[in-house]
Amino acid sequence: MSDLIWVYAEVVDEKITPITLEMLTRAAELGKAEALLLGPAPNGAAEMLAKFGASKIYRSADAVYGDYLTLPAVETVAELMQKYNPAVMLFASSFAGRDLVAALSARLDSGAIADVGDFVLKNGSVEATIPALGASYQNTSTLVSPGTKLLLVRPKSFDAKVNEQPLSVEDVPAVGGDALRKIHVKERVTVKQEGPQLEGAKAIVSGGRGLKGEANFAMLKELADLLGGAVGATRAAVDAGWVPYAMQVGQTGKTVKPDLYIACGISGAVQHLSGMKTSKTIISINKDPEAPIFQFSDLGIVGDVFQVVPQLIEEIKKKKGK
Amino acid sequence: MNIVVCGKVIPASTVIIEIDPSTKRMFRKGVTHELDPAAASAVEEGLRLTEKHGGAVTLITMGISDATIGIRSALAMGAANAVHILDDAVAGSDTLGTAKVLAAAIKKQPFDLVICGTESSDSYSGIVPGQIAHFLGVPAVTFAKEVIVEGGKLTIKRQTENGYDVVEAALPALVTTTSGINEPRYPQLKGIMAAKKKEIKIYTAADLGLGPDQVGESGAREKVLTVGRPPKRQAGQMITDEGEGGKKIAEFLAELKII
Ligand SMILES: Cc1cc2nc3c(=O)[nH]c(=O)nc-3n(C[C@H](O)[C@H](O)[C@H](O)COP(=O)(O)OP(=O)(O)OC[C@H]3O[C@@H](n4cnc5c(N)ncnc54)[C@H](O)[C@@H]3O)c2cc1C
Ligand SMILES: Nc1ncnc2c1ncn2[C@@H]1O[C@H](COP(=O)(O)O)[C@@H](O)[C@H]1O
């Protein structure tokens, strides 16, 4: 088996996504890393990929990849795969990544491994580590089908490191035909998010169902501001409509790894834990002493968030001399 | 409008799911089961569409005999009938095998729209729906926060990292619904009574023309090699708030030089 590892590069908010760079870093450690970049991308995108380890970048800037979901990209990736036969191809566990892996794994009859935390090339295949069942397990699995092995990788599994490669871009022709133009993106709407983003925040203060309502998130915002951090939430709080999805931490939200994570009124369900439990320091406030979050906390306060958080805010203000 | 909903019946949320080290599969037999909340949302969305446009909802599930309880709840919510793929030969299927089974079962039903949950609550690979769509030859319109059907066209608001996309496709199509898209109705007594008389068709893999090279453990492309536990995090200190909780945290943060 060759040690050629491909990474499907993604652009969100006119930036190469952090997980793309994380995957490239790992790919370049294990073999020869190359990237595919399809659709509109900002200036300097290819340079960025080369900087993080891509020794070659297959590129088409055609708008079809942005205007029509999944099918055009699948066609192009499948054709390139057939030509160059990489050992492994990595996709982010993102919206686009999941759609592409689903379609490719069916088309190639190859299967795929989802939710991968790490992998190695072994015995002519891959061996992937999967933090299964909300990371309460750590399993390994492999793919026994011939051809390129498809992996969906969890964000924040690796640290992105600069690994400068000479820039080498190969243009690939865009696919055509109406048969691929079936899932049409008519409009893109950005929901404006106030305050700092979770991505990259050094401190995160998150709220769960224990917060009781939208208005009480103001208290967390104040605390986060004092700590120079961002506010996060559980799916329960997002589904209740208290805060936007962009703030969700966990299995189906963001995976975060801040220096400080303060969990307020959060039970600690496995799906939430899997998105934050590698944070450096975890502090939790919950009125139920049996809440699972306490088992993952460096400091646990059994108490009422509506007492503890305002007091904490006052204390920090005092210490800051305000 | 004929709608097929693919949904799982899974160990109830109160059950802590464990993996059997000998088979490397989840322990499913004998634990309390319920309709996956992701499936309940998909059924709800299907019912709302048929209430508006006419037609009926068929639930398709692949699972063990304990799944019957969850199938009955979908029928009690208002699904017209159900298909249960019940066969030891499909146990141990990977995502691709599961998708082959479900796609073959869907093909036996008339359908305009297939609805899946974006991910199941127990295995959450999130790739089965896209695989099904490929085998059916229909577009997979995924991560819907809102679903509208009008004049043979499906339009959704698709969840994105920073907002949503408005995405459109012609029917027949497959759509996946995100959690929180709706509040699934509770079955009412009348629905529960009616569900008892509704048909649950049982299929085996052979009925669907699928052999051991495609489904079950022997057909799986993905093989689980080892099952283990991650290293445990060192437990920290726990303090019961007696009026000083906030202060304690502040002291802790000061020790860490965070404030
Ligand atoms: C496939 C799947 C994916 C999922 N993805 C995610 C995800 O990405 N992120 C996520 O967060 N969840 C996710 N979930 C949901 C998850 O299972 C839990 O339901 C959710 O995390 C619970 O949120 P919570 O802790 O806010 O609510 P609850 O579990 O209801 O906990 C609320 C807590 O608040 C405490 N409390 C109440 N009042 C107070 C008070 N006054 N003071 C202090 N404490 C108080 C209670 O003791 C309780 O522990 C997912 C579930 C599934 C099935
Ligand atoms: N055994 C099954 N029976 C019925 N539907 C399923 C099954 N497995 C997966 N699905 C469908 O595929 C979706 C995603 O599942 P998963 O890929 O396991 O996350 C689920 O929400 C269901 O709609």
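Residue numbers start from 1 in every chain, and the chains themselves are labelled A, B, ... in the order their sequence lines are given, proteins ahead of strands.
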Looking at A:F296, does the NZ or CZ of A:K277 lie under 6.0 angstrom from its six-membered ring centre and within 45 degrees of the ring axis?
-> no

When only pairs under 4.5 Å are counted, which of A:S136, A:S297, A:P310 shares the most heavy-atom pairs with chain B?
-> A:S136

Which bit of A:Q251 comes within less than 4.5 Å of chain B, counting heavy atoms only: side chain, backbone, both or neither?
-> side chain

Which atoms of B:L256 come close to chain A, meaning under 4.5 Å heavy atom to heavy atom: side chain ones, backbone ones, both, or neither?
-> side chain

Report the option among B:G243, B:G97, B:A103, B:A254 that has the most heavy-atom pairs separated by less than 4.5 Å from atoms of chain A.
-> B:G243

Pick one of side chain, backbone, both or neither for A:D298, based on which atoms fall under 4.5 Å of a heavy atom in chain B.
-> both

Counting distance only, does the side-chain N/O of B:S125 pair as donor-acceptor with the main-chain N or O of B:I127 below 3.5 Å?
-> yes

Heavy-atom distances under 4.5 Å only: say whether A:I285 touches chain B with side chain, backbone, both or neither.
-> side chain

Under 4.5 Å heavy-atom distance to chain B, tell me which part of A:R181 shows up: side chain, backbone, both or neither.
-> neither

Just give me the residue among A:E127, A:K287, A:R107 that pairs up with chain B most often, heavy atom to heavy atom, under 4.5 Å.
-> A:R107

Pair count under 4.5 Å, heavy atoms only, with chain B: among A:V12, A:V185, A:D99, A:L100, highest is A:D99

Using a cut-off of under 4.5 Å for heavy-atom pairs, which of A:Q197, A:K254, A:E187, A:K202 has the most such pairs with chain B?
-> A:E187

Using non-hydrogen atoms and a 4.5 Å limit, figure out which bit of A:I183 sits close to chain B: side chain, backbone, both or neither.
-> both

Heavy-atom contact with chain B under 4.5 Å, split by part of A:S110 = backbone

Is it the side chain or the backbone of A:I283 that comes within 4.5 Å of chain B heavy atoms, both, or neither?
-> side chain

For A:F95, is it the side chain, the backbone, both or neither that has a heavy atom under 4.5 Å from a heavy atom of chain B?
-> both

Given a strict heavy-atom distance threshold of 4.5 Å, which part of A:A114 is in contact with chain B: side chain, backbone, both, or neither?
-> side chain

Heavy-atom donor-acceptor pair, B:N182 side chain to B:S41 backbone, under 3.5 Å | yes

Chain B contact via A:L260 - which portion, at a heavy-atom distance below 4.5 Å | side chain

Who wins among A:T281, A:D109, A:V191 for the most heavy-atom pairs under 4.5 Å with chain B?
-> A:D109

Looking at A:V308, A:I313, A:D115, which has the largest count of heavy-atom pairs under 4.5 Å with chain B?
-> A:V308

Region of A:A240 in contact with chain B, defined by heavy-atom distances below 4.5 Å | neither

So, the part of A:T252 with a heavy atom under 4.5 Å from chain B: the answer is side chain

